[in-house]
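Chain identifiers are assigned alphabetically (A, B, ...) following the order of the sequence lines, protein sequences preceding nucleic acid strands; residue numbering begins at 1 within each chain.
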Amino acid sequence: MGEPFVTARGLRKVFHSRGRDVTALDDVSFTLARGETLGLVGPSGSGKSTLARVLMRLIEPDAGAISIDGEDWLALRGRALRQRRGAIQMVFQEPLAAFNPRATIGGALDDPLRIHGIADRADRAERPRRIAELLERVGLPAGFAQRAVHEVSGGQRQRVAIARALATRPALIVLDEAVSALDVSVRGTILELLADVQKSDGIAYVFVSHDLAVVRVIAHRVAIMDAGRIVETGPTPGVIADPQSAMGRALVAAVPRLDFGRDDGA
Amino acid sequence: MRRFALRFLRSPEGMVGLVLLACLVAMALLAPFVFPRDPLSIVGRPLIAPFTDASLPLGTDRLGRDVLAGLMHGARASLLVGVFAALVAVAVGTVVGTVAGFAGGLIDEALMRVVDAFQVVPAFLLALAFVSVTGPSLPVIVFAVALGAWTGPARLARAEVLSIRERDYVAAARAIGMHPAEIAFKEVLPNALPPVLALVSVIVASAVLIEAALSFLNLGDPNIVTWGSMIAEGRNVLRTAPFLSIVPGFGLVLTVLGVYLFGEGLVEAMAHRRGRQ
Ligand SMILES: Nc1ncnc2c1ncn2[C@@H]1O[C@H](COP(=O)(O)OP(=O)(O)OP(=O)(O)O)[C@@H](O)[C@H]1O
Ligand SMILES: [Mg+2]
């Protein structure tokens with residue numbers, strides 16, 4: 001799928017809490033091409049969220065390097081970093097917690113548009129139009145802009161979160177358990193939406209999940225994490241059909257549907 | 001919001017507090033219309049007892065000034081000092097607490113040591129020292145009272161901010177490239193405010209009392225009537241005309257009680273609302 005868009009090398013992160021050291025990331029390396037989805041799977045506490053947040057520059061790693069589009073992503077500071085953040089966006093697990101409790105949907109979508117100066121060339125009247133476009137993009141009526149975020153359903157809220165992530169026209173979206181908190185019925189439609197967006201805009205995803213069944217649907221490649229390390233990585237169908245690592249085998253075994261359905265070609 | 005108001009009105013404390021405060025505000029607002037003359041001017045014989053002269057229902061003081069006029073105009077001073085001191089204290093405290101909690105590290109350490117320094121000095125001494133140095137006037141008194149009251153809001157706001165800054169929506173704001181100052185003041189501060197607002201009633205009540213105590217010590221604004229100065233005046237004839245001290249004293253007690261009960265009602269209604277979410 002072309003040359004790597006994201007390259008991470010030797011990422012390491014140790015948390016110090018109550019006198020104990022927890023190695024959340026231990027020599028983690030991976031690459032990601034434009035328009036590709038990397039599924040990040042592993043048991044609870046294996047460091048998936050930490051890796052997601054390090055990628056987002058929400059947590060600083062202790063060691064390692066990340067290059068994005070050939071640029072040293074970890075060297076950016078202050079204003080330069082804030083400007084470049086538009087290229088990488090994030091969708092969180094709990095859509096309710098990911099929005100200011102006082103925010104309206106329109107306000108939440110307006111922030112990234114305003115900050116990145118998208119659509120405010122000369123006239124601010126452009127922004128409501130962009131907000132309506134974004135809402136339509138994720139399958140919500142434009143009238144939702146006036147509603148408070150806490151007034152809509154969980155699935156709708158996650159659509160708003162995706163719309164917010166799309167507002168800055170990113171090249172990569174990091175999704176940390178983005179469908180785990182949703183009903184199974186809603187989950188499928190959100191995954192479809194993500195696939196559609198990827199197809200039309202060529203956005204790359206890092207899709208974090210503890211559930212291989214979900215990852216199988218959306219990821220081109222998977223990386224399996226265990227205790228802060230990536231223990232196995234490869235094309236999704238291959239890894240699911242024949243996991244090499246102990247953790248890979250355990251995860252595949254934990255989802256019985258995979259054993260039966262692995263020949264149906266996801 | 002309407003449900004919130006209903007719940008507030010249904011709590012007995014809130015209702016009583018609201019009525020008392022409404023009376024106080026009405027007194028303060030109506031004072032210049034009912035008694036357009038300067039309440040410090042002499043209107044009759046000195047020391048008329050209350051309820052003996054229909055035109056001077058609460059009688060006169062040692063100099064022949066109308067006690068009812070003083071009471072009503074005095075409500076203005078108490079209310080002004082109480083409300084503005086609380087506003088200043090909450091505004092300064094919340095901003096300092098937010099900056100300390102959000103910035104962390106050295107800035108947090110430095111700001112919290114300043115808070116400690118202000119907190120070890122009793123609020124009244126702080127106000128006393130400040131007013132005796134700068135000279136008494138209403139704005140100075142407001143500031144002097146706020147000086148001893150902003151540390152509570154600062155501590156509460158900081159504690160709240162420390163928990164809020166770990167929430168996902170703050171991470172989301174960083175992820176879209178929002179400036180840290182905008183995150184602190186637009187995303188974090190408004191959500192840290194509710195518990196701080198619960199302090200307002202206590203601050204207003206103590207501000208009213210501190211103002212009265214300053215006036216009692218002759219450190220109030222000399223150009224206006226205040227309840228504290230009326231009590232100080234009445235003290236000279238406490239045996240022969242106790243009502244001169246009792247009337248404004250009553251005003252003080254009811255005001256503090258009203259503010260306190262009103263605050264209790266608000267906190268209770270707020271607790272219900274939080275519980276529901
Ligand atoms: N801020 C922190 N302070 C201290 N330890 C932390 C912190 N964040 C994460 N950890 C620890 O780092 C390890 C990895 O955590 P992380 O959240 O990345 O795991 P995860 O794979 O996302 O798990 P889950 O599936 O439960 O979300 C865990 O042991 C966790 O306790
Ligand atoms: Mg996680």
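- Summarising the local packing, CD of A/Glu136 is surrounded by 12 or fewer heavy atoms from other residues, nucleotides or ligands at distances under 6.0 Å.
- Interatomic distance, B/Met178 CE to A/Arg85 CZ, rounded to the nearest 0.5 Å: 12.0 Å.
- Nearest heavy atom pair, residue B/Tyr169 against residue A/Asn100, reads CB-N, 3.5 Å.
- The number of heavy-atom neighbours closer than 6.0 Å to OH of B/Tyr260, taken from other residues, nucleotides and ligands shown, is 12 or below.
- Only the backbone of A/Phe99 has a heavy atom closer than 4.5 Å to any heavy atom of chain B.
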Original post:
Is there a salt bridge (charged side-chain N to carboxylate O under 4.0 Å, His left out) between A/Arg82 and B/Glu182 once you walk through the steps?
Top reply: CA-CA 13 Å; A/Arg82 289 199 299 277; B/Glu182 190 184 346; over 6 Å; no
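- Taking CD1 of B/Ile176 as the reference point, atom NE2 of A/His116 lies at 6.5 Å (rounded to 0.5 Å).
- Here the shortest heavy-atom pairing between A/Ala98 and B/Ala172 reads O-CB, 3.7 Å.
- B/Arg167 contributes no side-chain N or O that, together with a main-chain N or O of A/Ala97, makes up a donor-acceptor pair within less than 3.5 Å.
- Shown here is B/Leu125, whose CG atom has more than 12 heavy atoms of other residues, nucleotides or ligands within 6.0 Å.
- Scanning residues 51-59 of chain A against chain B with a 4.5 Å heavy-atom cutoff picks out A/Arg53, A/Met56, A/Arg57, A/Leu58, ordered by number.
- For a residue to count as touching a neighbouring chain, one of its non-hydrogen atoms must lie under 4.5 Å from one of that chain's; by this rule A/Ile88 touches chain B with the backbone only.
- With contacts defined as side-chain heavy-atom distances shorter than 4.5 Å, the pair B/Lys186/A/Asp111 qualifies.
- Applying the 6.0 Å contact sphere to CZ of B/Phe143 captures no more than 12 heavy atoms from other residues, nucleotides or ligands.
- In B/Leu254, the CG atom is crowded: over 12 heavy atoms of neighbouring residues, nucleotides or ligands sit closer than 6.0 Å.
- Listed for the A/Gln89 side chain is a donor-acceptor partner under 3.5 Å among the backbone atoms of B/Ala175.
- Atom NE2 in B/His179 sits 8.5 Å away from atom CZ in A/Arg79 (nearest 0.5 Å).
- A/Arg84 is linked by a salt bridge (charged side-chain N to carboxylate O under 4.0 Å, His left out) to A/Glu71, counting only residues two or more places apart in sequence or in another chain.
- No more than 12 heavy atoms of other residues, nucleotides or ligands lie within 6.0 Å of CZ in B/Phe84, so this atom counts as exposed by the packing criterion.
- Put simply, the side chain of B/Asn191 reaches to within 4.5 Å of the side chain of A/Arg102, judged on heavy atoms.
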